[in-house]
Amino acid sequence: MAEYTSLEKIRLQKLEELRAEGIEAYPTRAKRTHTSAEAIAAFEAAESEGASSGSTPQVQVTLAGRIRAIRVMGKISFAHIEDGNGKIQLFFRANEIGKERLDFFNKMFDIGDFIQAEGDMFRTKTGEITLHVHDFRLLAKSVSPLPAAKDETLEDGTIVRHAALGDPELRARQRYADLAVNPDVREIFRKRAAIIKALRTFLDSKGFLEVETPILQPLYGGAAARPFETHHNELEQDMYLRISFELYLKRLLVGNLEKVYEIGRDFRNEGVSFKHNPEFTQLEFYWAYADYLQVMALTEQMVSFTAQEVLGTQKISYKSHEIDLTPPWKRLEMRDGILETSGIDIDEHKTAESLFNAIKAKHPNKTPDPKATRGKLIDYLLSEFLEPRLIQPTFLYNYPRDISPLAKSLPGNPMTVERFEAYTAGFELCNAFTELNDPLDQEQRFIEMGRDYEADDAEKHPLDEDYLRAMRYGMPPNGGFGMGVDRLTMLLLDKHSIREVLLFPALRKEE
RNA sequence: GGGUCCGUAGCUCAAUGGCAGAGCAGUGGUCUCUUAAACCAUUGGUUGGAGGUUCGAAUCCUCUCGGACUCACCA
C-alpha cells in the first residue's frame, strides 16, 4: 500500500473534487488533430501564405500533451505542454473561456497532468507560436508530482535546465520519470533504436538473413562467462540463458543458410560495471565463404554506415577525443602492437613461463597473474599497454590460439588464430574471426578448454556434443562477428556508462 | 568481492559537534502577453535505517541498506 506524501494528498483531494463534480479524471478516449510540431508548422505555413494575400492566418487545432509549466496571471494563464515531438504554449483567457473555467484550470490542473486543448493558433507579443485555448479537458491526472525541471531559454536560444532530476540511481530506477522530464534522455533511446535499425538495414542490404535462436538453452557456450541457470518443470531439466548466439548461428551454416545474423539479448552472470550489464544486446553474424579479412572490411563499412545514418557524420566525439570512423580503419597485428607499446615480442616467448619472466624483467612494477596461460598473459599485455592507446578505430588482429577456442589457426602457424577485435576510444567494440570448421580440431579444442578450466569450477564449460555433430556434417569456411550494441551506442552517443543507454539497467532491488 | 566517496523537504542543494535552511514545486492572495513570470504570505523533515560516543550528532564511531567511482573478474 502506497503511503502518500503531502503533495500527493493534495492531488488526491483534487481527484475527489473532480469526481464530485462528475468530471472523469481518466477519460477513455482522447482527441488530437496535430502534434505540437505539426501545429507550429501549420501556423507558420498559414502565416507565410497570409503575408502574400494579406489575410490573418486561421489554424484550428486540438492538441494533447503533458503540462510542464503553468503561469497564472489573474485573468489569463499560460501553460506549456509537451508531447512526443516537442513543447508548445497554451494561452487561456477569461474573455474566451470565462472566469469560472479559468479558475477551474488554475485550481485543478497540475504540472504532469495530461490535457487536451482546442483553439486557434496565434503569436504572442513576444513572438511565440501559441494555442489560444477555447476549450480544454483533463486526459489524465498526475497524482505524484514529477521531479520536474524548469527550462530557461537564454537569448542565444540555448536551453538551461534547472533542478533537473540528476540522481543516477533515481533516474535508472524510475526511468519513466527520467524520460518524462528529461527530453535528452528520450533522444538517447530514439537514437539507440535508429542504430539498431541501421545495423539491420545494412546487413539486410548485404543479403544476410535475420534469424532467432534459443535464449533458453539446455547447454550454454560460445563465450567464457558464467550463465544464469533456470529450470523447466515439465521437461524436468535445468536450462541456461544463453551467453552468446555463436554455436546456434553456426549450426545454421551447416544447414546451408549462408549469411545469417541475430540481434538479441545475451545474459552473463557476472560483475556489473560502467560497461557491463547482466543482460545486454548483441549483434552476431556469420558469413559463409568469407574470412576474417572480409569481415574486417564489412565491419568498418557497417559501423561507418550506422554513424552516417544516425548522426549524419562519420566523425564523432567520445570523451574529449575526436574519432573518425571513415574507412579504412588502421590494421595492426597484435604482435606488433604489443612489441611497440611494451617492448616485448610475444613470438620470442612460446611458453607462459618465458613470457611471464619477460614481463617481470621489462616491467618490474606490473603484476601479471603467475598462474595465467600464455594467452591470458598476452591478453594482459594487450589491456595494460596497447588498449588505452587505441583511440582511433583500429583492427587488432592475429590472436593467440589458447584464448580463442572457436577460431581457425593461421595457415602454417598453429599458435596464432585468424581473429581480430576492433578498438575505438580505448575500448573493445567487436570481436571476430575466421571460424573453426574442422570438427576434429574443434573437439580437441573443447577438450583443451575443459582442461584449462578444470581448476576453476565456476568457469567450467560443458562440451556441446550436438554442435560437434552438426559440424561433422560439414560446415563451410566462414567468418563470424560479434559486437555489443550497447557499446556501439555508447560510442556513437558519447555516453560513458552502459546504464545511460539501457532503459532499465539492472539494479539491486529496493529495500 | 576489495578500496574510496555519497545519501538532508517532491526536485536541486546549504548547514562540519551547538535552534535543520534556501530556491523551485505545493497552498492562500495580487496581477489580461507571461515564459526559470514577478510580488506578498505560508505549508512541508524519523537528515537512508539501527545502535553507540557526547550535556548536545545531519556532522564523530560501529553495523546495515542503496548508489557512484575504481580495482578484481569478464576467451
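Everything quoted here is computed from the prediction, not taken from an experiment. Values reported hereafter were calculated over all heavy atoms of this structure, with side chains retained and with hydrogens, waters and symmetry mates removed. Every chain is numbered from 1, with letters handed out A, B, ... down the list of sequences.
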Exercise for the section: Looking at every strand, decide which applies to A:Arg508 at a 4.0 Å heavy-atom threshold: base, sugar-phosphate, or nothing. Expected result: sugar-phosphate

Practice task
Scan A:Arg171 against the nucleic acid and name what it touches under 4.0 Å (heavy atoms): base, sugar-phosphate only, or nothing.
Solution key: nothing

Problem - salt bridge (charged side-chain N to carboxylate O under 4.0 Å, His left out) between A:Arg175 and A:Asp178, worked out - result: CA-CA 5 Å; A:Arg175 185 67 87 192; A:Asp178 184 32; 2.8 Å; yes

Problem - A:Leu406, nearest nucleotide to its side chain (from B:U27, B:C31, B:A75) - result: B:A75

Fill in the blank from the handout: Checking B:C73, B:G26, B:G66 against the side chain of A:Arg173 (C-beta onward), the nearest is B:G66

Fill in the blank from the handout: From the candidates B:A36, B:C11, B:U34, the one with an atom nearest any side-chain atom of A:Glu128 is B:U34

Exercise for the section: Mind checking A:Ala149 for me? I need base, sugar-phosphate or nothing, with any heavy atom below 4.0 Å counting as a touch. Expected result: nothing

Exercise for the section: Check the distance between B:G48's P and A:Lys509's NZ and give it to me in whole angstrom. Expected result: 23 Å

Problem - For B:C31, the Watson-Crick or wobble partner whose two distances fall under 3.5 Å - result: none

Exercise for the section: Once you apply the 3.5 Å cut-off to both distances, tell me the Watson-Crick or G-U wobble partner of B:U4, or none. Expected result: B:A68

Practice task
Consider the side chain of A:His162, meaning its heavy atoms from C-beta on, and name the nucleotide among B:G26, B:A36, B:U34 that approaches it most closely.
Solution key: B:A36

Exercise for the section: Please determine, for the side chain of A:Ile76, which listed nucleotide (B:U12, B:C33, B:A37) has the closest atom? Expected result: B:C33

Handout entry: Pairing of A:Lys408 and A:Asp441 as salt bridge, 4.0 angstrom limit
Key = no

Fill in the blank from the handout: When rounded to whole Å, the CD to C1' distance for the pair A:Glu428 and B:A75 reads 10 Å

Completion exercise
Whole-Å distance, A:Leu382 CG to B:C74 C1', equals 14 Å

Handout entry: Touch class at under 4.0 angstrom, heavy-atom based, for A:Phe92 against every strand present
Key = nothing

Exercise for the section: Under 4.0 Å between any heavy atoms, over every strand shown, what does A:Glu169 touch: base, sugar-phosphate, or nothing? Just pick one. Expected result: sugar-phosphate

Fill in the blank from the handout: Looking only at B:A36, B:A75, B:C11, the nucleotide nearest the A:Pro147 side chain is B:C11

Problem - Value in whole Å for how far the C1' atom of B:C13 lies from CG of A:Leu170 - result: 15 Å

Practice task
Could you measure between the two C1' atoms, the one in B:C11 and the one in B:A25, and give it in whole Å?
Solution key: 8 Å

Problem - Under-4.0 Å salt bridge between A:Arg251 and A:Asp464 - result: yes

Exercise for the section: Compare the minimum distances between each of B:U12, B:C74, B:G26 and the side chain of A:Lys14, then state the nucleotide with the smallest one. Expected result: B:G26

Exercise for the section: Determine the interatomic distance between C1' on B:G3 and the same-named atom on B:C55; round to the nearest Å. Expected result: 37 Å

Exercise for the section: Return no unless some side-chain N or O of A:Arg71 is found under 4.0 Å from OP1 or OP2 of B:A37. Expected result: yes

Exercise for the section: Would you confirm whether the ring centroid of A:Phe433 sits within less than 6.0 angstrom of the ring centroid of A:Tyr399? Expected result: no

Exercise for the section: Give one of base, sugar-phosphate or nothing for A:Glu8, where a contact means two heavy atoms less than 4.0 Å apart. Expected result: nothing

Problem - Carboxylate-amine/guanidinium contact A:Asp110 A:Lys141, below 4.0 Å - result: yes

Problem - Inter-nucleotide C1' distance (B:C63, B:C69), Å rounded - result: 23 Å

Problem - Separation of atom OH in A:Tyr380 from atom P in B:C74, rounded to whole Å - result: 14 Å

Handout entry: Nearest-angstrom distance from the residue atom CD1 of A:Ile88 to P of B:C33
Key = 20 Å

Problem - Side-chain N or O of A:Lys125 closer than 4.0 Å to phosphate OP1/OP2 of B:A37 - result: no

Practice task
Using the closest heavy atom to pick a nucleotide of RNA chain B for each, name whichever of A:Ala506 or A:Thr5 lands nearer the 5' end.
Solution key: A:Thr5

Problem - Nucleotide forming a Watson-Crick or wobble pair with B:G17, both distances under 3.5 Å - result: none

Exercise for the section: Run the salt-bridge test on A:Lys376 and A:Asp369 with the 4.0 Å N-O cut-off and return the result as yes or no. Expected result: no

Problem - Heavy atoms of other groups near A:Arg71 CZ, more than 12 under 6.0 Å - result: yes

Problem - Per A:Met73 side chain, nearest of listed nucleotides B:C11, B:U27, B:C33 - result: B:C33

Exercise for the section: Tell me which of A:Asp110 and A:Leu165 sits closer to the 5' end of RNA chain B, going by the nucleotide each one is nearest to. Expected result: A:Leu165

Exercise for the section: Side chain of A:Thr124 only, please: which of B:A36, B:G26, B:C33 is the nearest? Expected result: B:C33

Handout entry: Euclidean distance for C1', B:U30 against B:C6 (whole angstrom)
Key = 43 Å

Practice task
Please find out if less than 6.0 Å separates the ring center of A:Phe92 from that of A:Phe109.
Solution key: no

Problem - Minimum-distance nucleotide (side-chain atoms of A:Ile403 versus B:U12, B:U34, B:A75) - result: B:A75

Exercise for the section: Tell me what A:Val181 touches on the nucleic acid: a base, only sugar-phosphate, or nothing, going by heavy atoms under 4.0 Å. Expected result: nothing

Practice task
Please work out if A:Gly375 contacts a base, only the sugar-phosphate, or nothing of the nucleic acid, heavy-atom cut-off 4.0 Å.
Solution key: nothing

Practice task
Please evaluate the base of B:U32 for a donor-acceptor partner in the side chain of A:Asn95 within a cut-off of under 3.5 Å?
Solution key: yes

Practice task
Find the distance A:Leu507:CG to B:C65:P and express it as a whole number of Å.
Solution key: 16 Å

Exercise for the section: For B:G17 and B:G56, measure between their C1' atoms and round to the nearest Å. Expected result: 8 Å

Exercise for the section: Please determine which of A:Ile346, A:Ile344, A:Asn398 meets the side-chain contact (heavy atoms from CB on, under 4.5 Å) test together with A:Arg335. Expected result: A:Ile346

Practice task
Examine B:A25: is either OP1 or OP2 under 4.0 Å from a nitrogen or oxygen in the side chain of A:Lys150? Give yes or no.
Solution key: yes

Exercise for the section: Quote, to the nearest angstrom, the P distance that separates B:U53 from B:A57. Expected result: 11 Å

Practice task
Rounded to whole angstrom, note down the P distance from B:G26 over to B:C19.
Solution key: 31 Å

Problem - A:Lys275 side chain near B:C69 phosphate (N/O to OP1/OP2, under 4.0 Å) - result: no

Problem - Between C1' of B:U12 and CG of A:Asn182, the distance in whole Å - result: 12 Å

Exercise for the section: Look at all strands and tell whether A:Ile10 reaches a base, only sugar-phosphate, or nothing, counting heavy atoms closer than 4.0 Å. Expected result: sugar-phosphate

Exercise for the section: Assign A:Leu146 to base, sugar-phosphate, or nothing according to its heavy-atom contacts below 4.0 angstrom with the strands shown. Expected result: nothing

